[in-house]
**Q** 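Got a structure here, written out as structure tokens. Questions coming.
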Amino acid sequence: MKIKPFGSRISLYKSNQIWRENRAKHNLRDSQVHEAMNRAIFTSMSNFTYGQNSLIIKQAALRVLKSI
């Protein structure tokens with residue numbers, strides 16, 4: 001989502017600054033979601049059977065691989 005300065009009055013420095021701020025917000029939100037997902041998975045794992053645990057871990061691994 002890099003802002004292109006072409007045809008706009010925003011300088012390259014300002015557009016890069018805006019891009020960095022948006023990227024930092026996105027990274028923060030992403031890490032919060034990731035942390036919440038980990039907490040939900042690993043705190044509730046003790047209540048599940050082995051098969052359910054492996055299914056949850058498989059789905060979590062797929063999500064992580066898709067996000068890379």
**Q** Find the distance between CG (Asn22) and CG (Asn27) and round it off to the nearest 0.5 Å.
**A**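 These two atoms lie 11.0 Å from each other.
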
**Q** Taking atom CD1 of Ile18 and atom OG of Ser11, what is their separation to the nearest 0.5 Å?
**A**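 Spacing of CD1 (Ile18) from OG (Ser11) equals 8.5 Å.
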
**Q** How many angstroms lie between CG in Asp30 and NZ in Lys25, if you round to the nearest 0.5 Å?
**A**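 Taking CG in Asp30 and NZ in Lys25, the distance rounds to 15.5 Å.
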
**Q** Nearest 0.5 angstrom please: Gln59 CD to Ile57 CD1, how far?
**A**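 Separation between the atoms: 11.0 Å.
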
**Q** Same cluster or not: are Ile56 and Met37 linked, directly or through other Ile, Leu, Val, Met, Phe, Trp or Tyr residues, by side-chain heavy atoms under 4.5 angstrom apart?
**A**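 Linked, Ile56 and Met37 end up in one cluster.
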
